[in-house]
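Owing to the predicted nature of the structure, the values given are computational and were not obtained by experimental measurement.
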Amino acid sequence: MEDLKLFISLSRTMLYLDRETDKIYKEHGITKTQFAVLEVLYHKGGLSQCDIRQLILTTAGNLPVVINNLLKEDLISKRPHEEDGRRQVLSLTLKGRKLIEEVFPENQKCIEDCFSVWTEKEKEMLHAAMKKFRKEHYES
């Protein structure tokens, strides 16, 4: 019974966090996955679509649509990979950089505000528990 309670608690927590951060994305006219692509390009620089898929939390199926929409909005650009012409490198445009520089701090503050109910020690314990779960179930 405790396992089910924990599952429900985690699900409700993630639902709340998603709702709160989705408000920010909606204000800026982007989706959660578009934010994730912009954010990873902002912090990692130019990447291939495959690299992006491995770094963000999304399904592979919708990523091409997300990328095409970002290209249409001139938020990202693509160019051939220097070493492998079959691959494309995606990068932020000036417009994309400006957008993520507005959205990222708002998103970060929202998350920090949500997590402010926990002490630093509690956050460390939660992080360690989640890391243990990931290691056991899908990082092996």
Side-chain angles (χ1 to χ4, degrees):
M1 192 62 156
E2 287 304 310
D3 292 338
L4 183 57
K5 285 180 185 179
L6 180 57
F7 176 80
I8 291 169
S9 179
L10 288 169
S11 296
R12 286 183 177 158
T13 301
M14 282 310 304
L15 183 60
Y16 177 80
L17 292 169
D18 283 342
R19 286 181 185 155
E20 292 302 301
T21 55
D22 282 346
K23 291 176 191 175
I24 296 165
Y25 311 142
K26 188 174 182 177
E27 282 177 24
H28 292 278
I30 59 175
T31 66
K32 177 193 301 197
T33 307
Q34 288 173 325
F35 171 80
V37 171
L38 294 172
E39 187 272 331
V40 76
L41 291 175
Y42 180 68
H43 286 102
K44 300 285 186 184
L47 296 168
S48 71
Q49 187 169 322
C50 181
D51 293 334
I52 291 170
R53 185 177 53 244
Q54 291 173 355
L55 291 169
I56 67 172
L57 304 173
T58 189
T59 60
N62 75 335
L63 192 56
V65 172
V66 169
I67 286 174
N68 283 335
N69 288 335
L70 291 170
L71 287 164
K72 285 179 196 173
E73 293 293 322
D74 192 36
L75 296 171
I76 63 171
S77 62
K78 69 178 173 179
R79 62 177 163 68
H81 192 278
E82 293 173 5
E83 297 165 10
D84 183 354
R86 298 168 295 171
R87 294 174 58 197
Q88 299 286 316
V89 175
L90 301 167
S91 302
L92 290 174
T93 62
L94 225 46
K95 183 179 175 183
R97 178 169 297 281
K98 183 179 177 195
L99 178 62
I100 195 63
E101 285 176 348
E102 287 178 28
V103 180
F104 183 79
E106 290 179 37
N107 188 69
Q108 184 175 5
K109 175 144 181 17
C110 177
I111 292 168
E112 288 170 357
D113 289 348
C114 288
F115 288 170
S116 68
V117 299
W118 292 310
T119 65
E120 291 304 311
K121 185 69 174 166
E122 289 170 326
K123 291 176 196 178
E124 289 172 14
M125 290 170 51
L126 284 165
H127 180 72
M130 296 299 111
K131 187 174 179 180
K132 180 179 179 180
F133 180 90
R134 286 191 314 272
K135 185 174 181 178
E136 180 65 31
H137 291 287
Y138 63 88
E139 289 182 357
S140 339

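Using a distance-only test at 3.5 Å, with no hydrogens or angles considered, a donor-acceptor pair links the side chain of Lys95 to the main chain of Glu73.
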Worked check of side-chain contact (heavy atoms from CB on, under 4.5 Å) between Ser48 and His81: CA-CA 8 Å; Ser48 71; His81 192 278; 5.6 Å; no
Pair Glu106-Lys109, salt bridge (Lys or Arg N to Asp or Glu O under 4.0 Å): steps then yes or no: CA-CA 5 Å; Glu106 290 179 37; Lys109 175 144 181 17; over 6 Å; no
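A search for ring pair (Phe, Tyr, Trp, His ring centres under 6.0 Å) contacts involving Tyr16 returns nothing, not counting sequence neighbours. By the side chain to side chain contact (heavy atoms under 4.5 Å, CB included) test, Lys98 pairs with Glu102, sequence neighbours left out. Annotation: side chain to side chain contact (heavy atoms under 4.5 Å, CB included) contacts of Asn68 (sequence neighbours excluded): Leu71. Among residues two or more places apart in sequence or in another chain, the side chain to side chain contact (heavy atoms under 4.5 Å, CB included) test is passed with Lys5 by Met1, Glu2.
For the pair Gln88 and Pro80, the tightest heavy-atom approach, listed with the atom from each and the gap, is OE1-N, 3.8 Å. Of all heavy-atom pairs spanning Leu63 and Arg53, the tightest one is CD2-CB, 3.6 Å. Residue Gly46 comes nearest to Ser91 through the heavy atom pair CA-OG, 3.7 Å, listed as atom of the first residue, atom of the second, then distance.
The side-chain contact (heavy atoms from CB on, under 4.5 Å) test with Leu47 is passed by exactly one of Val40, Val89, Leu90: Val40.
Inter-residue side-chain proximity for Arg87 and Asp51 is flagged as met; some heavy-atom pair is nearer than 4.5 Å. Contact of the Ile100 side chain with the Leu41 side chain is not registered, since no non-hydrogen atoms from C-beta on lie closer than 4.5 Å.
The aromatic rings of Tyr42 and Phe104 sit tilted relative to each other, their planes meeting at an angle between 30° and 60°.
Leu6 shares a hydrophobic cluster with Leu10, Met130; the chain of contacts runs through ILVMFWY side chains whose heavy atoms sit under 4.5 Å apart. By the 4.5 Å side-chain criterion applied to Ile, Leu, Val, Met, Phe, Trp and Tyr, Ile111 is assigned to a cluster that also includes Met14, Leu17, Phe115, Val117, Trp118, Leu126.
Note: Leu99 CG to Leu94 CG = 12.0 Å, rounded to the nearest 0.5 Å.
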